[in-house]
Q: 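Mind looking over this structure? Questions follow.
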Amino acid sequence: MKTDFLSTVNMLSYLTTFIYLLIFVKSDPFAFKFEHVTVLDKDTLDEFRNSANVRAVYYFKRDMARLRTFMKEYEKSAEFLEVYGVKFGVYDCRHSQPSDDDDVCGMDMVEHNIYTYRQGATLLQLELQTMFDVNSIMSNILQLVLLREVPILQRREEREDFEYRNRGVRDIIFTFQKAIGTYEHRIFMEVAYAYSDNFQFALSTSKQSLQNFDDMTTDDSVIWVLQCKDSKKVDPCPKIRYYGYMDLASLAQFVRALTFPKQFDIPSEGTTSPYMQTDSLNVIYMYYKADSRSKVMDIAGKLAKKYRGIYGIVTVDIEAAEAPYSFNGETPAVGILMEGDASPLFLEEELTEANIFNFVSKTAEEFNSLVAEDAGEDPSLDGTEVQSAPGGDSANSPFDESEILAVETQDDQVSEAVFNARRSEMDLTLVQKLTDKTFSNTVQDKDLLFILFYLPFDDKSMAFLRLYGAASRQLEFDPRNPLARVDCHDWTDVCSRENVTIFPTLRIYRNGEKLRNYKGMLDTQNVVNTVKLLNHTDMTDLHSVSDIQSFLHGKLPSGADIASESVVLGLFEPHHKKEMDVFTKVGEEMEDRIMFGINKNGQGAALGKDEFGVTLPAVIVMRRKDMVTPHTVYKGDFNYAQLETFVIEARIPRMPQLTVKMFPDLYRQKKPFVISFLDEEDPSKNIKVTMSSIVKSEQFTEVIFCWIRTSGDGFGTRILKKYNPEANIPAISLVNLHMGEVFNYDKTTFDPEDVVSWLQESLQGKSNPNTVLPKGEWKPLKEGYNFLAMMDWEARNKKKAYGTEDTVATNEEYGIGFDEEGNEVKRSEDGQDDMSSARIKSAYEEDQVRHELLALKKSRLYHHSGGRRKMHDEEGASQPKVTEDEVKVTEGLGRHEEL
């Protein structure tokens with residue numbers, strides 16, 4: 001019933017808001033100092049969009065939440081992307097006139113998008129919601145820059161055709177990305193930009209394209225090398241899976257190693273191997289003499305095929321060249337020089353092919369490298385599947401990546417609904433935002449004050465905050481201005497002092513003191529009704545019969561409407577002091593949920609006798625919208641607990657429609673439900689009359705009578721099918737949710753006598769349940785994982801990029817200038833970022849790698865065979881015109897953001 005419950009919550013607008021993960025800041029973007037973003041005007045806009053290179057424009061139209069944070073990321077992205085020939089602009093639509101040609105500013109929702117252009121053609125409209133940091137902005141823009149070089153292949157047939165066309169031509173570096181706009185996608189595009197002349201790059205965000213990939217065991221980003229260049233047209237391309245770190249330096253080093261010779265022989269190809277150019281690649285040395293050359297070369301070829309980009313393979317004829325590392329042993333021999341070691345480690349067992357591959361795998365594990373033998377793979381390498389696996393004891397890892405992802409991405413319809421409301425700004429104009437300086441004074445100054453304590457990154461908080469703002473609009477003419485809020489992410493000291501530990505918490509203050517926490521439904525109307533109820537500080541005193549009659553019809557003596565649909569009437573004589581004290585105490589406790597009225601002078605005695613058949617003292621709960629039994633009379637002793645329980649239960653209609661709002665009040669009574677499943681047809685109307693007569697008879701006070709509207713494939717129909725798969729509408733079921741037992745009325749006629757007899761037999765245990773509900777708990781479908789154990793395991797088995805500490809995040813994992821909490825890194829007075837030196841070093845090294853990649857790309861563009869040509873990113877360089885097909889592809893790019 002969970003899905004049905006939450007779907008109905010959506011229908012009732014419980015879940016209707018959007019939240020960015022950082023603090024709300026509203027600001028005019030033009031107050032932000034741009035250094036790399038071009039501020040455009042009417043005269044420069046067209047020239048900017050007509051550039052031969054990609055251009056991005058944000059059209060500012062109005063102030064929005066988190067706009068300044070976005071502008072900071074936009075500025076940083078502009079700085080990085082300048083080197084790719086991309087420029088960013090911002091245009092102020094406040095100065096645009098409706099008569100202007102090409103009035104983009106007049107388009108609906110223009111302020112929620114970044115627009116990209118080349119040669120005047122609109123390439124892609126990027127939603128602002130996906131442009132939340134440097135990574136997402138850069139990766140999307142680079143995808144446009146490399147639209148021809150890095151195609152997006154979403155179907156298996158597309159990818160297989162792509163492989164076929166590249167067999168015998170070029171190797172493919174292919175990636176599966178869980179979404180466009182991630183850090184992993186960004187670094188892949190940066191490497192693709194530099195090495196697109198060496199390899200064919202391609203990507204996919206759809207698992208459909210990976211249907212025949214045996215090693216697709218994770219939902220994370222994955223990169224493969226498809227070795228198509230040396231493959232015949234009839235053979236599939238062997239694959240190498242990249243298991244290194246997903247950071248720019250590691251991926252760039254891996255791809256660079258792919259450009260080296262698959263194997264290098266000394267002395268026939270020289271005396272210095274290309275692997276000496278880097279200290280980040282493990283090298284396998286194979287020493288031989290003339291009699292063992294053939295065997296060594298055969299195994300070296302297989303090693304090169306398997307470990308390309310991961311190991312360098314060097315063969316050495318010790319009779320014709322000086323052996324590296326002063327080798328003087330017997331041949332053939334195999335040694336592995338691991339990254340950072342001074343000399344190779346040699347295989348001491350018999351030099352068979354199987355022993356060599358086992359030695360490579362075992363050495364990798366012992367040195368905690370990035371490579372290990374793929375479990376179960378035949379070392380003869382006759383097959384086409386070529387993989388590596390992480391080092392350390394990762395082969396025995398107790399943590400399955402796909403299972404971790406499943407735990408972290410379980411459906412949360414609240415989060416989804418909050419996200420879907422992102423384009424509609426909350427109206428919080430009338431909700432005062434309190435700080436540590438204004439909190440105490442505001443509480444003291446107000447005779448009635450509601451304060452919402454919330455967290456801006458908590459979905460339930462933000463869902464309620466939107467509805468809270470709507471409530472403030474309904475109360476805008478209340479001179480008390482009773483609604484306020486505190487962002488507990490900003491003002492942790494205030495929330496701590498108020499002992500707020502659950503979010504959202506709506507607390508009610510009266511005359512400077514805490515009254516109680518709000519316990520009602522988190523929706524607009526309930527909040528409004530509660531405010532209206534509490535505006536009456538004293539219990540309503542009803543002096544006359546006319547006052548009592550008006551009260552029962554929903555009017556106060558003053559003529560004002562009563563906010564609650566039910567009211568509680570107390571009728572007393574002056575000497576009923578004890579009874580009045582109990583009634584008053586219950587009224588004070590429940591004053592925020594239902595209106596209490598009291599007649600103390602005995603004037604209501606005659607009315608009580610004639611209308612309700614009671615003698616004084618008496619308590620009556622009147623339900624104005626209950627058409628079955630509009631009132632209930634209290635028949636117990638004047639005991640506080642008993643009277644409170646009576647009021648809580650009696651304020652609910654006797655046969656209500658079972659809805660999301662009604663269910664909690666009914667469920668907490670812990671009684672069986674008698675549910676009528678009805679539609680709009682006459683048989684259902686007749687059943688409602690039959691069930692109403694049974695309710696009025698009060699024969700079954702131990703059950704709760706209710707009905708569900710059942711039509712189409714709605715939640716009522718789905719619940720009925722769970723209880724009674726063969727049922728037609730109308731239908732009746734007796735459901736004991738606490739026992740999991742369902743008794744279905746199985747006759748085709750609905751005579752009152754038959755229904756009563758069926759209920760009696762079912763409640764007395766004279767019949768067996770038709771359905772037994774499965775046992776279960778209201779909890780996530782998948783159990784959580786022990787993240788502390790995961791951290792310990794990773795600390796033992798994962799090498800840290802750049803040798804940084806565990807607490808230092810890889811550069812830009814969260815966006816440059818932001819930490820893992822999503823908070824902007826503050827600058828100290830000396831101008832230095834509040835980051836550890838290790839992190840600063842990491843950012844510096846990644847920037848160095850980026851510039852090396854760009855330099856590599858530019859050097860190649862000047863030296864293509866066939867003569868020199870202009871650089872790709874040179875302003876004004878000749879470029880192919882944007883085609884209609886290219887525009888169509890870019891329009892579809894935005895659809896690849898989800899799996």
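We number each residue from 1, following the sequence as shown.
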Q: When you compare the side chain of N113 with that of L126, does any pair of heavy atoms fall below 4.5 Å?
A: no

Q: Between Y183 and S221, is any pair of side-chain heavy atoms under 4.5 Å apart?
A: no

Q: Give me the one residue out of E160, R167, K229 that meets side chain to side chain contact (heavy atoms under 4.5 Å, CB included) with C237.
A: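 Answer to the side chain to side chain contact (heavy atoms under 4.5 Å, CB included) test with C237 among E160, R167, K229: R167.
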
Q: Side-chain donor-acceptor pair under 3.5 Å between N53 and S51, yes or no?
A: no

Q: For residues L124 and L144, determine if any side-chain heavy atom of one lies less than 4.5 Å from a side-chain heavy atom of the other.
A: yes

Q: Kindly state whether the ring of Y193 and the ring of Y84 have centres lying under 6.0 angstrom apart.
A: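 They qualify: ring centres under 6.0 Å apart.
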
Q: Picking from Q177, Q143, E190, K178, what satisfies side-chain hydrogen bond (donor to acceptor under 3.5 Å, both in side chains) with H185?
A: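 Per the side-chain hydrogen bond (donor to acceptor under 3.5 Å, both in side chains) rule, the option paired with H185 is Q143, out of Q177, Q143, E190, K178.
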
Q: Please confirm whether Y59 and Y115 have ring centers closer than 6.0 angstrom.
A: yes

Q: Are the aromatic ring centres of Y58 and F70 under 6.0 angstrom apart?
A: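 Ring-ring flag for Y58/F70: true, centres closer than 6.0 Å.
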
Q: What class does the angle between the rings of F254 and Y242 fall in, given that below 30° is parallel, 30 to 60° is tilted and above 60° is perpendicular?
A: tilted

Q: Under 3.5 Å, is there a donor-acceptor pair between the side chain of D171 and the main chain of F199?
A: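 Side chain of D171 to backbone of F199: no pair is present.
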
Q: Compute the ring centroids of F88 and H36, then answer whether they are less than 6.0 Å apart.
A: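 When the ring centroids of F88 and H36 are compared, they turn out to be at least 6.0 Å apart.
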
Q: Could you tell me whether R55 sits above the aromatic face of Y117, with NZ or CZ closer than 6.0 angstrom to the six-membered ring centre and within 45 degrees of the axis?
A: no

Q: Run the salt-bridge test on D458 and K460 with the 4.0 Å N-O cut-off and return the result as yes or no.
A: no

Q: Any chance the side chains of Q154 and S204 put a donor and an acceptor closer than 3.5 Å?
A: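 The criterion, which ignores hydrogens and geometry beyond distance, is satisfied for S204 and Q154.
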
